[in-house]
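Reviewing the structure listed below.
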Amino acid sequence: MGAQQVAERFAELYGTRPEGVWAAPGRVNLIGEHTDYNDGFVMPFALPHRTVAAVSRRTDGILRLHSADTGGGPAELRLDALAPGSDRDWTAYPAGVAWVLREAGHAITGADIHLASTVPTGAGLSSSAALEVVVALALNDLYDLGLQRWKLARLCQRAENVYVGAPTGIMDQTASACCEPGHALFLDTRDLSQQQIPFDLAAEGLRLLVVDTQVKHAHSGGEYGKRRAGCEKGAALLGVDALRDIPYTGLDAALARLGDEEEVVRLVRHVVTEDERVERTVALLRAGDTRAIGPVLTEGHASLRDDFRISCPELDLVVDTALAHGALGARMTGGGFGGSAVVLAEATEVDTLTKAVEEAFAAAAFTAPRVFEAVPSPGAHRLL
């Protein structure tokens with residue numbers, strides 16, 4: 001899916017060449033799940049899979065949107081009619097970006113947009129964030145808004161939270177906007193400070209596989225929101241601004257204070273231990289001990305499965321099968337209730353692991369998974 005191809009389709013749709021073409025990637029989160037909305041630590045990296053947008057400005061207050069992945073002609077929306085909750089289709093994501101920019105005082109007067117994407121939807125790989133970020137970057141450039149990448153990410157998060165109605169944290173949009181090739185992004189979601197941590201698996205004879213279970217999930221569903229509300233309840237009961245403020249060394253004492261709030265205890269335990277796992281992973285990578293992060297990933301899956309309770313049989317089967325066939329570590333990634341798992345493995349074991357997972361899914365009568373290598377790739381950028 002090249003920039004010229006997307007530009008040519010734009011011209012077919014709108015009768016003129018676009019003013020530019022931009023791309024924004026999906027992401028895989030290496031470690032740090034459901035910590036972002038708790039002011040904690042995350043560690044994503046960008047995928048080579050990306051959403052590409054060809055865009056031109058308009059001056060009449062009209063937003064025209066077209067996706068290569070949907071049928072029909074362009075959807076036409078009036079900017080002054082955009083309002084949170086008014087759109088339940090895919091167009092809510094790019095429309096939400098235009099809405100949030102205007103709400104922030106930026107003079108967006110319209111746009112023609114054509115989109116094409118290779119980011120799998122519903123796989124926990126941030127297809128929605130890629131869509132938001134690519135539109136935000138294009139409008140930022142075309143309208144000379146001068147917004148920094150972290151600010152664009154924050155605005156895209158607000159678009160998803162308020163306009164779309166999905167209670168996601170800041171990680172996905174920041175990863176899509178800010179990641180660098182060959183690195184994982186160590187992000188403090190409280191102050192948005194970033195550190196690019198070298199993560200060149202190929203140089204060490206390693207691979208990180210993504211296994212898309214083909215089980216779809218949706219962040220706007222109620223279970224995700226319940227987990228977030230439970231975390232907020234835990235912070236309130238413990239008298240802190242966010243669960244980030246509970247130190248790992250003080251976890252047992254904090255859990256004891258929660259008494260018989262069993263569900264809250266589980267949620268708090270996951271978030272506090274997951275923050276510690278992110279910090280441990282960063283330390284291991286900085287020390288050049290990449291193989292040692294495998295057990296940390298596996299610990300994270302057990303916590304998501306048993307404490308946060310957001311795994312599913314397909315995700316558990318990926319992890320169990322991979323570990324039984326020599327993987328260094330494995331865990332689910334993304335919001336949960338389906339989506340994808342990541343598997344850290346020696347490069348020489350990739351074919352064996354892939355075959356084992358595919359055979360396990362066939363034996364369980366599950367839909368065949370999609371398996372591919374995750375290569376740390378560039379964040380959002382202009383192509384043409």
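Quantities reported herein were computed from a predicted structural model and do not represent experimental measurements.
A continuous path of hydrophobic side-chain contacts links L142 to V135 [ILVMFWY only; heavy atoms under 4.5 Å]. Cluster annotation: L63 and V100 are assigned to the same hydrophobic cluster (Ile/Leu/Val/Met/Phe/Trp/Tyr, side-chain heavy-atom contacts under 4.5 Å, transitive).
Counting only distance, with no hydrogens or angles, the side chain of H325 and the backbone of T321 share a donor-acceptor pair below 3.5 Å. In this structure a side-chain-to-backbone donor-acceptor pair under 3.5 Å is missing from T174 to A153. Between the side chain of S176 and the backbone N or O of P25, at least one donor-acceptor pair lies under 3.5 Å. The closest donor-acceptor contact from the side chain of T213 to the backbone of G339 lies under 3.5 Å. Formation of a donor-acceptor pair under 3.5 Å by the D316 side chain with backbone atoms of V319 is not found in this model.
Residues L209, V211, L317, V318, V350, L353, V357, F361, F366, V371 make up the rest of the hydrophobic cluster containing V343, defined by ILVMFWY side-chain heavy atoms closer than 4.5 Å, directly or through other members.
Using modelled atom types and a 3.5 Å distance limit, the side chains of D89 and T91 yield no donor-acceptor pair. E132 and Q157 are not linked by any side-chain donor-acceptor pair at a separation below 3.5 angstrom, with hydrogens and angles left out of the test. No side-chain N or O of H49 forms a donor-acceptor pair with one of T118 less than 3.5 Å apart.
Side-chain contact between L208 and L30 is present, with at least one heavy-atom pair separated by less than 4.5 Å. Counting heavy atoms from C-beta outward, R227 and I310 have side chains that approach closer than 4.5 Å. F337 has its side chain out of reach of L315: every pair of non-hydrogen atoms, C-beta onward, lies at least 4.5 Å apart.
Annotation for L155 and A104: closest pair CD2-CB, 4.2 Å, computed over non-hydrogen atoms.
Separation of atoms CD (E373) and CZ (R207) is listed at 5.0 Å; rounding is to 0.5 Å. Between the CG atom of L206 and the CG atom of D200 there is a distance of 10.0 Å, given to the nearest 0.5 Å. Within the model, atoms CG of D36 and CD1 of I170 stand 8.5 Å from one another, a figure rounded to the nearest 0.5 Å. Taken to the nearest 0.5 Å, the CD1 atom of I197 stands 8.5 Å off from the CG atom of L185. One distance of note links CD1 of I31 with CZ of R277; it measures 6.0 Å at 0.5 Å rounding. Separation of atoms CG (N140) and CG (L152) is listed at 4.5 Å; rounding is to 0.5 Å.
Environment of CD in E204: crowded, with over 12 heavy atoms of neighbouring residues, nucleotides or ligands closer than 6.0 Å.
Salt bridge status for D112 with R57: absent, with no side-chain N to carboxylate O gap under 4.0 Å. Taking 4.0 Å as the cut-off between side-chain N and carboxylate O, R370 and D212 do not count as a salt-bridged pair. Taking the charged nitrogens against the carboxylate oxygens, E33 and R331 do have a contact shorter than 4.0 Å, which makes a salt bridge.
Among residue pairs with one or both ends in residues 332-357, those qualifying as side chain to side chain donor-acceptor pair (under 3.5 Å) are R291-E346; sequence neighbours excluded. Screening residues 160-188 for ring pair (Phe, Tyr, Trp, His ring centres under 6.0 Å) gives F41-F186, W99-Y163 as the qualifying pairs, with residues at least two apart or on separate chains. Listed by first and then second residue, the salt bridge (Lys or Arg N to Asp or Glu O under 4.0 Å) pairs involving residues 257-267 are K233-E261 (not counting sequence neighbours). For the ring pair (Phe, Tyr, Trp, His ring centres under 6.0 Å) condition, no pair includes a residue of residues 134-161, sequence neighbours left out.
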Please tabulate, one pair per line, all N/O donor-acceptor pairs under 3.5 Å involving side-chain atoms of residues 65-84, not counting sequence neighbours.
from : atom 1 : to   : atom 2 : distance (Å)
H66  : ND1    : H114 : ND1    : 3.1
H66  : NE2    : G72  : O      : 3.1
S67  : OG     : D69  : N      : 3.0
T70  : OG1    : S67  : O      : 3.3
R78  : NE     : D80  : OD1    : 3.4

